[in-house]
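Structure record follows, encoded as structure tokens.
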Amino acid sequence: MTSRSGRHFLQIPGPTNVPDRVLSAIAIPTIDHRGPEFADLTLDLLERLKPVFQTSGPVVVYPSSGTGAWEAALVNTLSPGDRVLAFETGHFSTLWRGMAEKLGLVVDFVPGDWRHGVDPRIVEQRLAEDNRHAIAAVMVVHNETATGVTSRVPEIRLAIDDAGHPALLLVDTISSLASIDYRHEEWGVDVTVSCSQKGLMLPPGLGFNAVSEKALAAADRARLPRSYWDWSPILDANRKGFYPYTPATNLLYGLREALLMLEEEGLPAVFARHDRQAEATRRAVRGWGLEVLCADEREYSSSLTAVLLPEQYDADKVRQIILERFDMSLGTGLGRLAGRVFRIGHLGHFNDLTLVGTLGGVEMGLAAAGVPVRRGGVDAALAYLETLSDGAR
Ligand code: PLP
């Protein structure tokens, strides 16, 4: 291992940089998870989590990655052989579809080009055609982390309502929660899936399901086998501040600190910060003469930007050079985008100067890799950031 000075730049779209405050909060002695101190922690946390999901309903917290929270959403609400409607927006929606099939669901998978989000018109059309209401749920990835495309959940909700269809709406907010405006209750979402290692600024290890009344009623009827993921014993134990198994106590300490930080900044300011830094990133990409993968400006992601390289250049080679020379990790191209894109994560514990450093590393790395880019991407970002800095807000 070569010794490096200064901090590593972890600019993948999750796991994200964990603030020192959160690291310190985690590094305290573990307590009895069946004692009164733990109950106080849980009861407080479960309330503080609700505004982040913009819900007044329960949020189930698992010691799991996001994949576990995906599974929980499906097994709690659906039965073997149920039809679900899903959309090929990228790598993660494809993985979630694969999981649904393995669990015994029948997936209507609408093909996509990995440059667009879910088309609400197709949602309405597919549901309107389903006049026997065979489709039990619509599965949507809010922010496709593989592509940097954010689907328009309020329009999807409207499409379901316009079709007069009773399907549940299940939404993955793994790379959008606490970074991009998201409203579980107002948008009529039934299960919101998320996890700890992105906008919540924690290490990996916590999964979340925010659950509507309609989803709770569906859980009473659902027959997919479930045990560890079953909401019911967890919600019962949560009423007194406990879990039916050993929870990830120290991550919960970290979660409390992260939620305090989000409260201090205020969610509207958090979203505005992500929007602005994402816009600065796109200006840099265009300044280099490169293309943002997301093809519809209404769907630009505020938490990451996927940058498309000219055909003959290998994005992983660029990433490798940037890692070796500048000690910065960027996101790799996933699935069919392998080698074609690299992804810049600009979410979580992040500020203007972190962005400037990140873009500086990318500009130098592109030049070092021999990609024919114009200089001036960083300048374009600086000019935009100068107009209203975080501090001036
Ligand atoms: N969904 C999305 C949108 C993701 O970005 C990820 C991971 O990055 C997952 C699901 C899977 O989460 P995990 O890797 O924590 O299991």
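Any value given below was found using the heavy atoms of this structure, including those in side chains, with hydrogens, waters and symmetry copies removed. Atoms within a ligand are numbered from 1 in the order they appear, just like the ligands themselves.
- A salt bridge does not link Asp32 with Arg34: every distance from a Lys NZ or Arg NE/NH1/NH2 to an Asp or Glu carboxylate oxygen is 4.0 Å or more.
- Between Thr332 and Phe342, every side-chain heavy-atom pair lies at or beyond the 4.5 Å cut-off.
- Only side-chain heavy atoms of Asp172 come within less than 4.0 Å of ligand 1; its backbone N, CA, C and O stay farther off.
- Assignment of Trp70 to the shell around ligand 1 is supported, since a heavy atom sits closer than 4.0 Å.
- Proximity to Thr145 (heavy-atom distance under 4.0 Å) selects the following atoms of ligand 1: 2 (C), 3 (C), 4 (C), 5 (O).
- Taking the centre of each ring, Tyr245 and Tyr228 come in below the 6.0 Å mark.
- In terms of protein heavy atoms, atom 7 (C) of ligand 1 is closest to Phe92 CE2, 3.4 Å.
- Of all atoms in ligand 1, listed by their number and element, those nearer than 4.0 Å to a heavy atom of Ser65 are 13 (P), 15 (O), 16 (O).
- Asp119 and His116 share no side-chain donor-acceptor pair at under 3.5 Å.
- Considering only heavy atoms from C-beta on, Arg375 comes within 4.5 Å of Glu363 through its side chain.
- The protein non-hydrogen atom at the shortest distance from atom 8 (O) of ligand 1 is Lys198 NZ, 2.7 Å.
- Of the heavy atoms in Asn143, only backbone atoms (N, CA, C, O) come closer than 4.0 Å to ligand 1.
- Below 4.0 Å from some heavy atom of Ile174 lie the following atoms of ligand 1, by number and element: 1 (N), 2 (C), 4 (C), 5 (O), 6 (C), 9 (C), 10 (C).
- Among all protein heavy atoms, the one lying closest to atom 13 (P) of ligand 1 is Gly66 N, 3.5 Å.
- Under a 4.0 Å heavy-atom criterion, Gln197 is in contact with ligand 1.
- Put simply, Phe208 and Leu170 are part of the same group of oily side chains (I, L, V, M, F, W, Y) that touch within less than 4.5 Å, one to the next.
- The distance from ligand 1 to the heavy atoms of Thr67 drops below 4.0 Å at these ligand atoms: 11 (C), 12 (O), 13 (P), 16 (O).
- Using a cut-off of 4.0 Å between Lys/Arg side-chain N and Asp/Glu carboxylate O, Asp181 and Arg152 are scored as not salt-bridged.
- In the model, Trp114 has a side-chain atom that pairs as donor or acceptor with a side-chain atom of Glu88 under 3.5 Å.
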